[in-house]
Amino acid sequence: METFSKFLYEFLKQFFSGITTVMKAIGAGFSQMFDFDSYQNIIDTYKGDLSAPEWILVVVSILCILIFVGLIIALIYLLCRKYIKFRKKAVDQDALLEEVASLNKQVETLMKEKENIMAMKISQLGLKPDESPEIDEQEQEEDSNNPDIRFAKLHEIDLKYEDYEQPDYENSFTLPELCENFRNFSASKLKLYYKPEMVRIFISALASTKLIILQGISGTGKTSLAYAWGKFMRHDSCIASVQPSWRDRTDMFGYFNEFTKKFNETEMLKEMYTAGYVDEVFTVILDEMNLSRVEYYFAEMLSILEMPNRDEWIIELVPNSWKTDPKYIEGGKIKVPANMWYIGTINNDDSTFAVTDKVYDRAMPIDINEKSVAFEPVYTEAQGINFTYLDKLFETAIQENPISEEAMDKIEQMDNYVIQHFRIAFGNRIVAHMKKFVPVYVACGGDEISGVDYFIAKKILRKFEQLNMSAIRDEIDPYIQFLNTTFGKNKMKECIDYLLRLKKMA
């Protein structure tokens, strides 16, 4: 044991002697740094031999040392201040947690008191306290179990909006302001960044048709654009995930079960019915819409949305009517609301179906093939927007910014050229869409020819993909030359870029 004691003493002495030596060295270092007498002796030794310029350098050297010392002191001060601030924050957090815990206890006590009071009131009615929840549940389930009510979910919407008064948001924004507000909102609130051109195209598409197709490679933000629009409108978009099994409209709206005598409503049908109550903007996202054939399940909607008279936008859900049917289901039919848009997303790969001309001709396709670039946005909140005001903005823009006669003449020349060389023509439906898209695009701050360029590239030249690429390869360069001659050199950039990509594929 005596031997171990000696060992332990020498062992610990070695360690603590090292610490003592370090501390002494630090103290000696500080002592040497601030030994002003030594500095004075050095100056006295050399002052007789120093010239005037050298004295200037001496002063500079002294200032450098003083600055260095000042920086060290400032660093020590900042570290001490940061530590004190951290400790204060930790103490404040502890105090806050204690206060929250105390408030939770008080809330728990108050809740118990409330339950006791409710129990007393219920007992006065001759009921047992534990029976009251069952009564509430019975009242809630009474309607859904009522055999005379076949649209249970829509009936709940009727009850919810029975005394609803539509707010007037007193909108006063212009279309350029709408584009800028939506872009800033997406960036500041959702961290979703879009170029001004993309937002301008999206708003113009909303004005031209009720069906918009966002297409491109996966991961570029197609669904997020429609999602952000719903958030900006203060109405979350209803997301309908298309399944490969979708074959007809019942997959979108639901169906009547002859066995239960109930109509199985979908979320999309609920959203449509709710939109009929309010003067606000609604959107439905048909996610991965080409996992099934769009012309199968969306065929009836394609035809209905083409009708110029919105009063004729009617879908038959059931062949007859019941007295207990919801307020806006008349004769088993529901009116498709004008304040609802349908936004489909498409990934073009081997697992999906090709979208036919019937669908593309009635929709406005938007290509999203680039990832967004972050920018510093202006913080913007979501907006309450009345549909009637937005619709009026679109109508005014179409009336005030019609496509010029000069542009229409050039479009007609282009149409004749395409018919002659590619045997492709576009009908009145596409022209009608263009006469809505381009004016709103201009009203949003865009250039007329740029709007025409984008529309033609996405709605007309897209049809070239159906042709034999090798057969039309030699016709592409003359067509590009025709576009440059007719519309101006490089004015039809979208069209030319698309044609050059086709040439590479040929």
Side-chain angles (χ1 to χ4, degrees), residues 201 204-205 208-209 211-213 215-216 289-290 293-296 298-299 302-303 305-306 344 346 348-350 352-367 369 403-438 441 448-506:
I201 291 169
S204 303
S208 64
T209 180
L211 176 61
I212 299 170
I213 297 177
Q215 58 188 12
M289 71 181 304
N290 61 331
R293 293 193 178 277
V294 182
E295 62 272 22
Y296 286 177
F298 208 72
L302 289 174
S303 300
L305 297 175
E306 279 294 300
I346 285 180
N348 296 317
D349 54 45
D350 295 334
T352 58
F353 291 95
V355 179
T356 62
D357 272 351
K358 176 182 178 180
V359 179
Y360 270 125
D361 286 351
R362 291 163 173 79
M364 182 61 209
I366 300 177
D367 287 345
N369 291 315
I403 302 177
S404 63
E405 293 184 4
E406 180 182 2
M408 289 303 298
D409 290 338
K410 293 178 179 179
I411 292 169
E412 186 175 355
Q413 293 177 38
M414 188 210 67
D415 185 26
N416 294 331
Y417 187 97
V418 171
I419 292 173
Q420 181 180 354
H421 293 83
F422 299 98
R423 300 294 185 269
I424 287 179
F426 53 92
N428 295 331
R429 179 187 295 111
I430 292 179
V431 175
H433 282 183
M434 186 190 301
K435 289 182 177 180
K436 294 178 181 178
F437 178 89
V438 176
Y441 180 86
E448 183 183 68
I449 295 300
S450 297
V452 171
D453 174 31
Y454 188 90
F455 189 90
I456 291 175
K458 306 308 175 187
K459 293 278 285 184
I460 299 172
L461 299 192
R462 177 196 53 77
K463 298 176 183 290
F464 284 19
E465 295 177 9
Q466 305 168 8
L467 304 177
N468 186 333
M469 290 294 108
S470 59
I472 67 170
R473 179 183 176 87
D474 295 335
E475 293 286 350
I476 291 179
D477 285 337
Y479 184 43
I480 293 175
Q481 184 177 355
F482 168 81
L483 291 175
N484 284 328
T485 302
T486 306
F487 292 92
K489 188 170 179 60
N490 294 326
K491 290 287 187 180
M492 305 290 282
K493 187 176 184 302
E494 285 284 344
C495 291
I496 292 173
D497 289 345
Y498 181 81
L499 291 169
L500 291 176
R501 285 197 299 271
L502 284 181
K503 187 177 179 179
K504 289 181 181 179
M505 294 167 57

Under the side chain to side chain contact (heavy atoms under 4.5 Å, CB included) criterion, do Y360 and Q215 qualify, and how do the steps go? CA-CA 12 Å; Y360 270 125; Q215 58 188 12; 2.5 Å; yes
When rounded to the nearest 0.5 angstrom, what distance separates [atom1] in [X] from [atom2] in [Y]?
X    : Y    : atom1 : atom2 : value
L461 : L502 : CG    : CG    : 8.0 Å
S208 : I201 : OG    : CD1   : 11.5 Å
I403 : M434 : CD1   : CE    : 6.0 Å

Note, [X] side chain near [Y] side chain (heavy atom, < 4.5 Å):
X    : Y    : value
D477 : K503 : yes
K358 : F298 : no
V294 : F353 : no
F455 : K459 : yes
R362 : L305 : no
I346 : T352 : no
L500 : I496 : yes

So does [Y] get a backbone contact from the side chain of [X], meaning a donor-acceptor N/O pair under 3.5 Å?
X    : Y    : answer
N484 : N490 : yes
D361 : I430 : no
S204 : Y441 : yes
E448 : S404 : yes

Which atom names give the shortest non-hydrogen contact between [X] and [Y], and what distance separates them?
X    : Y    : value
T209 : A363 : CG2-C, 4.1 Å
Y479 : V418 : OH-CG2, 3.5 Å
A205 : M364 : CB-CG, 3.6 Å
L483 : C495 : CD1-CB, 3.9 Å
N369 : G216 : OD1-CA, 3.1 Å
I449 : F487 : CD1-CD2, 4.3 Å

For atom CD of Q481, is the number of surrounding heavy atoms from other residues, nucleotides or ligands below 6.0 Å larger than 12? no
Might you confirm whether atom NZ of K410 has over 12 heavy atoms from other residues, nucleotides or ligands at distances under 6.0 Å?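 Correct, the count exceeds 12.
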Please enumerate all residues that pass side chain to side chain contact (heavy atoms under 4.5 Å, CB included) together with E405, with sequence neighbours excluded.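 Per chain and number, E405 pairs via side chain to side chain contact (heavy atoms under 4.5 Å, CB included) with no residue.
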Under the side chain to side chain contact (heavy atoms under 4.5 Å, CB included) rule, collect the residues that match up with I419, sequence neighbours excluded. D415, A425
Pairs meeting criterion salt bridge (Lys or Arg N to Asp or Glu O under 4.0 Å) with involvement of residues 484-498, two or more places apart: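 Those involving residues 484-498 are K458-E494, K493-D497.
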Quick one: ring-ring contact (aromatic ring centres under 6.0 Å, His included) partners of Y454, sequence neighbours excluded? none
Using the side-chain hydrogen bond (donor to acceptor under 3.5 Å, both in side chains) rule, collect all pairs that involve residues 417-431, keeping only residues at least two apart or in two chains. E306-R429
Counterpart residues, salt bridge (charged side-chain N to carboxylate O under 4.0 Å, His left out), relative to K435 (two or more places apart): none
If you apply the rule side chain to side chain contact (heavy atoms under 4.5 Å, CB included), what do you find for I424 with L467, and how did you get there? CA-CA 10 Å; I424 287 179; L467 304 177; 3.6 Å; yes
Working for side chain to side chain contact (heavy atoms under 4.5 Å, CB included), residues T486 and M414: CA-CA 8 Å; T486 306; M414 188 210 67; over 6 Å; no
